[in-house]
Amino acid sequence: MASGTNYTKYDSPAPATFMGAEWGGKVRATHDSYTFASAASGTEVNVGVLMPGEVFLTGWVIGADLGSATTLQLGDAGDDDRYLAATVFTTEGQATQCVKADGVGYKNTTTTPIPLVLKTGTEEATGAVEVIILKAAVN
């Protein structure tokens, strides 16, 4: 029988493979909201934090009709679209899941919190958004 990468680390524990939040971590949810008022392209809004040792699991951006071609992306200082690539938000109530391969399972291995940043792209944005983030933590 084959085993996944993280299961293999669990099954053969060693100090170098201690995983913490990736295996047996507790799921934490965060929620934030923001209303754009003619926000220019490139506007950045802090909507969450990935604490040291936490792992990003998934998230959703739920938005209003923000404009005829307005895009949003979700990232951090290391990669401004790590969790959600630029996505057009032109439908009221649109819920887009943040499942970009670079972001799902991304672990903050630093000793400082990493702010999660929602950024506007093409044209200005007007309207409300909700951001829900699920992450895993050791405690």
Side-chain angles (χ1 to χ4, degrees):
M1 175 182 291
S3 297
T5 303
N6 288 339
Y7 182 86
T8 300
K9 291 177 184 177
Y10 155 80
D11 195 39
S12 303
T17 61
F18 176 73
M19 296 178 34
E22 293 96 319
W23 191 267
K26 297 178 182 178
V27 175
R28 304 281 187 229
T30 63
H31 169 263
D32 208 342
S33 60
Y34 186 80
T35 301
F36 294 103
S38 299
S41 176
T43 298
E44 295 182 347
V45 180
N46 291 322
V47 293
V49 173
L50 202 59
M51 298 300 287
E54 287 184 333
V55 176
F56 183 92
L57 299 175
T58 192
W60 293 267
V61 177
I62 304 161
D65 176 352
L66 300 177
S68 63
T70 303
T71 61
L72 295 176
Q73 62 190 48
L74 183 66
D76 55 45
D79 183 346
D80 68 356
D81 70 345
R82 185 185 313 274
Y83 313 102
L84 177 67
T87 302
V88 176
F89 277 82
T90 58
T91 304
E92 179 72 33
Q94 174 179 335
T96 300
Q97 190 171 13
C98 304
V99 290
K100 192 171 174 202
D102 293 346
V104 173
Y106 179 78
K107 183 174 187 174
N108 178 359
T109 58
T110 72
T111 58
T112 59
I114 297 174
L116 303 177
V117 179
L118 190 66
K119 183 177 178 182
T120 61
T122 308
E123 77 179 31
E124 67 181 31
T126 299
V129 294
E130 305 284 331
V131 179
I132 300 167
I133 296 167
L134 299 181
K135 54 189 182 173
V138 175
N139 51 19

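These values consider heavy atoms only, across backbone and side chains, with no hydrogens, waters or symmetry-generated copies. Here the structure is a predicted model, which means the values were calculated and not measured.
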Do [X] and [Y] sit in one hydrophobic cluster, given that two such residues count as connected whenever their side-chain heavy atoms are within less than 4.5 Å of each other, even indirectly?
X      : Y      : value
Val45  : Leu84  : yes
Leu118 : Ile132 : no
Ile62  : Leu57  : yes
Val47  : Leu50  : yes

Nearest heavy-atom neighbours spanning [X] and [Y]:
X      : Y      : answer
Lys100 : Ala85  : CD-N, 4.1 Å
Arg82  : Tyr106 : NH1-CE1, 3.2 Å
Gln94  : Thr90  : OE1-N, 3.7 Å
Val49  : Glu54  : O-OE1, 3.7 Å
Ala125 : Thr120 : CB-CG2, 3.9 Å
Cys98  : Leu74  : SG-CD2, 3.8 Å

Taking the side chain as everything from C-beta on, heavy atoms only, tell me whether [X] gets closer than 4.5 Å to [Y].
X      : Y     : result
Phe89  : Val61 : yes
Val131 : Tyr34 : no
Leu134 : Trp60 : yes
Ile133 : Asp32 : no

Test your reading of the model: is there a side-chain donor-acceptor pair from [X] to the backbone of [Y], 3.5 Å cut-off?
X      : Y      : answer
Thr71  : Ala86  : no
Thr70  : Glu124 : yes
Glu123 : Ala69  : yes
Asp76  : Asp79  : yes
Lys119 : Asp81  : no
Ser41  : Gly121 : yes

Checklist entry - Say you draw a straight line from CD of Gln97 to OG1 of Thr58; how long is it, rounded to the nearest 0.5 Å? => result 3.5 Å
Item to check | Residues which pass side-chain hydrogen bond (donor to acceptor under 3.5 Å, both in side chains) with Asn46, listed by chain and number, not counting sequence neighbours | outcome: none
